[in-house]
Structures are given as C-alpha cells and as structure tokens.
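See structure below.
Letters A, B, ... are given to chains in the order of the sequence lines, protein chains preceding strands, and every chain is numbered from 1.
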Amino acid sequence: MGLRSPEIVADAKPGQFVMIRVGSGIEPLLRRPFSICGRQGNDVFLVLYRVVGKGTAIMAETEKGGRLSVLGPLGNGFELPKPGQTVVLVAGGIGVAPLFSLAQAVKEKDIQFMAGFGSSDEIIRMDPINDLNGINISFSTDDGTKGHAGLVTDLLDEYLKKNRDRSDSMSLFICGPLPMLKRVAAMALDHNISCHASLESAMACGLGACQGCAVRSSSQEKTEFYHVCKDGPVFPIGTIDWNSL
Amino acid sequence: MSSQPDLRVKLGPLDLKNPVITASGTFGYGREYKDIVDPNLLGGIILKGLSLKPRAGNPPPRIVETPCGMLNAIGLANMGLDAFMKQELPRLQTLDTAVIANIYGHSIDEYGELAAALKGVDGISAIEVNISCPNVERGGMAFGTDPDVSAEVTGKVVRNTDKPVIVKLSPNVKDIRIIAKAVEEAGAHALSLINTITGMAIDIETRAPKLANITGGLSGPAIRPVAIHMVYQAVQTVDIPVIGVGGIMDSRDALEFLIAGAHAVQVGTANFVAPRATLDILEGLKIFCRDNDVAQISELIGSLKIAE
C-alpha cells in the first residue's frame with residue numbers, strides 16, 4: 001500500500017515503522033505497526049501487509065484516495081552499513097519490507113538479497129520501488145516452485161561458506177519469522193559477522209509509553225528488557241536473549 | 001454563548017485548569033508524547049507507577065488486543081525512585097500543569113517510604129496511590145480488595161505526605177462502596193476509579209494463555225459501562241471527589257463520567273489509539289459547554305437526571 005505523506009517520507013530512516021489506525025471506530029481498537037518498505041518519489045512511502053486478521057482485512061478494503069491515520073516514523077531504524085561493506089539481506093516472507101527500504105538507501109549496491117517464501121505465488125516483488133537495480137537477489141521457496149527448494153537459511157549458509165574470507169567486511173541485516181531469525185542469528189554469531197535484526201512485537205502505543213513490546217536483553221546488567229518500539233525495532237543480534245523468544 | 005467556558009475543577013485541595021488528566025502507565029512521564037501533546041494544556045498528568053526500587057516488569061507477551069479493549073500485564077515496569085528523582089523530576093518541575101506521582105509498594109511501609117520521599121518535593125502536585133494493580137504478585141490489588149488494608153495504606157501515605165492523596169481503586173471487588181468509604185475515612189482527598197478489570201485470553205491453537213502472566217488488566221471502551229456504574233456508586237457513598245477512568249475515547253465518554261458525578265476524568269488506553277485524544281477531548285468539552293450554555297464545566301458534575 002502506498003501512503004502519501006511528504007513529512008513522513010522526509011523524516012523516515014530505513015528500518016523505521018509507522019502505526020496505522022485502520023478505520024476510525026473502537027473495533028479493532030489498537031493501531032497496527034508496519035515497517036516502512038520504501039519510498040516512491042518525495043511524498044509516498046510504502047507498507048507491505050498480508051491479510052491475517054480484522055485489521056489488515058479493513059486495510060485491504062481501504063479505497064484508493066482514502067485516508068488513514070498514520071503515526072510515525074517511529075523506532076530507531078537501521079544504521080547504514082559503511083561504504084565498502086558487503087551488505088547481506090536475509091528476509092522471510094513479509095520480512096522483506098524493512099530490508100527493501102534499507103536496500104533502497106544503500107548507495108553502493110554491493111548487496112546480496114536472499115528472500116524466502118512459502119511458494120512462488122507468495123513472492124513479493126521489488127518492482128514498485130525504484131533504485132533497486134543491481135542487487136543480486138536469490139529466492140528460496142518451501143515447495144521449490146522458485147529458486148532453492150528449502151529454507152532461506154540454506155542460501156545464507158552456502159553464501160557464507162563460499163565467502164568465508166570476506167566475513168570481516170560483511171554486514172548482515174535480517175527480518176522474518178522467529179525460527180529464521182534465531183537460525184541466522186546463530187550463524188552470524190558463529191561466523192562472527194556483524195548482524196542486525198528487525199523484530200516484530202505486539203504493540204499498543206509505539207512511543208515507549210505503554211512498555212507492552214518488551215523483549216529480553218542478553219545482558220541483565222544493562223537492562224532486563226528492551227522495548228521494540230523505542231529501543232528497536234532494529235537490534236544488534238548480540239543484545240537480544242534469543243532463547244527467551 | 002460567545003465567551004470561553006470555565007473548565008476549572010477542584011479535586012479537594014487540588015485545583016485543575018480543566019478536568020482532563022492522563023492515566024498512569026499510558027502517558028509515560030509525558031516526554032514520550034512531547035511531539036504530540038503539550039502537557040501544559042491538560043488538567044494534569046499522572047506519571048507511570050513508581051516503586052521504591054526499579055522494576056523490570058513481567059516477561060512478554062505483555063499485551064493482547066481484545067474486543068473493544070486490550071489486556072495488559074506490564075507488571076509496573078519502572079525506573080525506581082532514585083532514577084526518577086534524577087532523570088525525570090527536573091523536567092517535570094518546569095511544567096505548568098498538575099503533575100501527579102503514582103506510587104506502588106510491596107508493603108504498607110514501602111508506600112509510606114515513597115510518600116515520605118516525595119514530601120515537600122517541588123513540582124509534584126499530588127500523589128495517586130495504586131492499591132489496585134492486578135499484574136504484580138505481591139501488594140497491588142491484594143491491598144485494594146480488603147477495606148481494612150486499603151484504609152491502612154491510605155492512612156500511611158496521608159501521614160507521610162503534605163500533598164493531596166488520591167487513591168486508585170480496583171474494580172475487582174465485591175462492593176466498591178465499602179472500599180471507597182474505608183479509604184475516605186482514612187484521609188484520602190480524592191478517589192480514582194476504576195483501575196483495569198482482571199481478564200484473560202487464550203490462544204486456541206496452542207491452548208496457551210495469550211499473556212505470559214496468564215492474566216492481565218482489561219482496559220479500553222469495553223470496560224466503560226462498568227466504570228460509569230462504579231463512579232455512580234462511589235459518588236453516592238463518599239463526599240470526597242471522584243476521578244472517573246475507564247475506556248474514555250472521546251469527549252462524549254468524558255461527559256458521561258462528569259454527569260455520573262466525577263469531578264475529573266483520566267484518559268488511558270485512548271492515548272495509544274489516538275495520541276492526541278486528550279486534546280481532542282478537551283476541545284469537545286469546550287464545544288459541548290458552548291452549545292449547551294454551560295458557563296462552568298463544574299455545573300455538569302453529578303447532573304445526572306433519574307426519573308422519580
């Protein structure tokens with residue numbers, strides 16, 4: 001979905017999110033968080049969604065030209081990789097969203113994009129977003145209808161094996177379902193590769209007030225919990241207690 | 001009527017510029033909303049619940065949406081008294097609104113210690129005593145469901161502070177009037193009601209509770225009729241002012257509480273849904289007063305009409 005807001009487009013960093021109020025009534029009540037998935041020109045930003053419940057069903061019915069209440073941009077966003085680094089993006093399903101916005105923002109397009117989906121008809125295209133030419137993208141599908149038959153982590157595993165000597169200059173960014181994130185986080189820690197994950201959480205305010213989106217920290221001395229809305233949604237993987245998730 | 005309606009209300013010894021206050025735990029320390037709501041426009045802000053020592057809070061998931069509401073089990077996560085005094089208080093002291101500290105203790109003595117620590121502190125206009133949190137193992141609601149203990153906590157705080165004391169009551173009781181009366185007799189200057197209603201939600205696929213804490217506190221418009229009723233019951237039982245809280249989303253909801261007899265209202269969950277909710281409510285109250293020739297909003301308080 002494309003949303004016109006020059007203010008949000010001007011302010012947003014890749015990896016940040018917005019809270020969208022679907023409808024104007026009290027059911028469903030809470031706003032829904034969506035990663036900003038990229039921009040079109042100077043006034044439109046994109047969000048990706050899949051109809052999974054009441055809220056997204058209402059979003060799907062929103063007519064072109066309609067208005068939605070959007071709060072954002074929120075959260076920390078990605079720290080852009082330093083020039084000269086090989087950027088490796090690993091996404092599962094709708095997790096491509098924040099990584100699209102990152103890919104769009106990275107100037108040097110030395111980007112390996114690995115995206116896993118259930119089946120070829122679920123693949124989310126990058127076509128609506130400009131500036132994404134020159135990216136090496138590879139797919140995996142659970143049913144083998146496109147690209148590698150299996151998990152996206154297999155693609156990463158293979159890539160890391162081939163490029164073992166370059167792991168120092170690699171920067172990994174990941175977003176997707178929890179089992180995928182856990183697996184990639186473990187691989188990155190194994191290979192000692194810099195890796196940032198964009199996390200999802202149920203959320204009420206998006207502003208750090210309700211403290212509903214807690215995620216356990218790996219260092220209890222620092223803090224027991226981070227909040228996905230304010231401290232995240234992007235975290236260096238070493239800061240999160242993955243066993244608690 | 002062309003002139004501005006007078007929105008000022010009194011909560012016992014506490015004067016508010018208008019009756020719209022943010023509810024504890026839904027507005028942080030105000031700075032979380034700094035780009036959206038100027039707290040100086042509000043009647044007051046009630047701060048995130050404060051305990052003597054820092055509290056990490058409950059494990060996630062901590063929140064789940066329910067029909068026209070949400071369950072939360074945050075577990076009173078907060079920075080603790082020392083950090084609050086250093087990190088938050090100086091900025092709060094510059095505000096031109098009633099800043100109300102919400103305190104929570106594990107024991108009656110802890111409530112007393114917190115009250116004493118805030119005694120004479122510039123920039124804190126009043127203390128709201130939380131004896132009704134459903135999401136902590138000890139204290140909290142355990143205090144608020146027993147009239148004798150409620151009174152004991154209230155008395156302890158009143159004796160340890162020079163500030164107006166507001167006691168926030170739990171709806172999870174057999175008869176709110178008994179608790180309200182006990183707290184009034186113990187010296188409270190005002191009551192807030194209601195806190196959240198204990199609830200639970202289950203994921204039918206995993207058959208596990210949706211909250212790690214198993215139970216949580218229900219808030220949002222789903223609980224508003226319960227809150228209205230309890231405010232109505234309380235104002236007939238006590239002489240101290242009552243602050244209405246529970247599911248207020250817009251000015252019509254706020255008016256319902258005022259007419260039921262509340263002197264002021266707290267806006268909670270609505271801050272999550274519409275961050276500007278408090279300001280919109282304020283604007284709606286002004287318009288209602290103008291349209292209905294109400295010169296002073298206090299005229300509306302308890303103006304409920306029940307046929308003979």
Report the option among A:Ala209, A:Gly25, A:Ala214 that has the most heavy-atom pairs separated by less than 4.5 Å from atoms of chain B.
A:Ala209
Check the pair B:Ile36, A:Leu207 against side-chain contact (heavy atoms from CB on, under 4.5 Å), reporting the backbone distance first and the verdict last.
CA-CA 11 Å; B:Ile36 305 165; A:Leu207 299 167; 4.0 Å; yes
With a 4.5 angstrom heavy-atom cut-off, could you sort out which part of A:Ile26 is near chain B: side chain, backbone, both or neither?
both
Check for a donor-acceptor pair, side chain of B:Asn40 on one end and backbone N or O of B:Leu95 on the other, with a separation under 3.5 Å.
no
Report the C-alpha separation of A:Val215 and A:Phe225 in whole Å, then their side-chain angles, then the decisive distance to 0.1 Å, and conclude whether the side-chain contact (heavy atoms from CB on, under 4.5 Å) test is met.
CA-CA 5 Å; A:Val215 55; A:Phe225 294 105; over 6 Å; no
Can you tell me which residue among B:Leu47, B:Ile21, B:Ile46 is in a side-chain contact (heavy atoms from CB on, under 4.5 Å) with B:Glu128?
B:Ile46
Let me see the working for A:Cys229 and A:Leu74 under side-chain contact (heavy atoms from CB on, under 4.5 Å), right down to the final yes or no.
CA-CA 7 Å; A:Cys229 73; A:Leu74 303 169; over 6 Å; no
So, the part of B:Ala270 with a heavy atom under 4.5 Å from chain A: the answer is neither
Part of B:Pro59 within contact of chain A (heavy atom distance under 4.5 Å)
both
According to side-chain contact (heavy atoms from CB on, under 4.5 Å), who are the partners of B:Ala254, at least two apart in sequence or on a separate chain?
B:Ile248, B:Val265, B:Ile281, B:Leu285
side-chain contact (heavy atoms from CB on, under 4.5 Å), that's the test. Do A:Leu48 and A:Leu46 meet it? Break it down for me.
CA-CA 7 Å; A:Leu48 268 182; A:Leu46 302 163; over 6 Å; no
No hydrogens needed, just list the donor-acceptor pairs between chain B and chain A under 3.5 Å.
unit_1: B:Arg62; atom_1: NH1; unit_2: A:Gln211; atom_2: O; d: 2.8
unit_1: B:Glu65; atom_1: OE1; unit_2: A:Arg32; atom_2: NH1; d: 2.8
unit_1: B:Glu65; atom_1: OE1; unit_2: A:Arg32; atom_2: NH2; d: 3.2
unit_1: B:Glu65; atom_1: OE2; unit_2: A:Leu29; atom_2: N; d: 2.6
unit_1: B:Glu65; atom_1: OE2; unit_2: A:Leu30; atom_2: N; d: 3.0
unit_1: B:Cys68; atom_1: N; unit_2: A:Glu27; atom_2: OE1; d: 2.6
unit_1: B:Val273; atom_1: O; unit_2: A:Arg31; atom_2: NE; d: 2.6
unit_1: B:Val273; atom_1: O; unit_2: A:Arg31; atom_2: NH2; d: 3.2

Applying a strict 4.5 Å limit to non-hydrogen atoms, the region of A:Met203 in contact with chain B is backbone
In Å and rounded to the nearest 0.5 Å, what is the CG to CG distance from A:Leu89 to A:Leu156?
11.0 Å
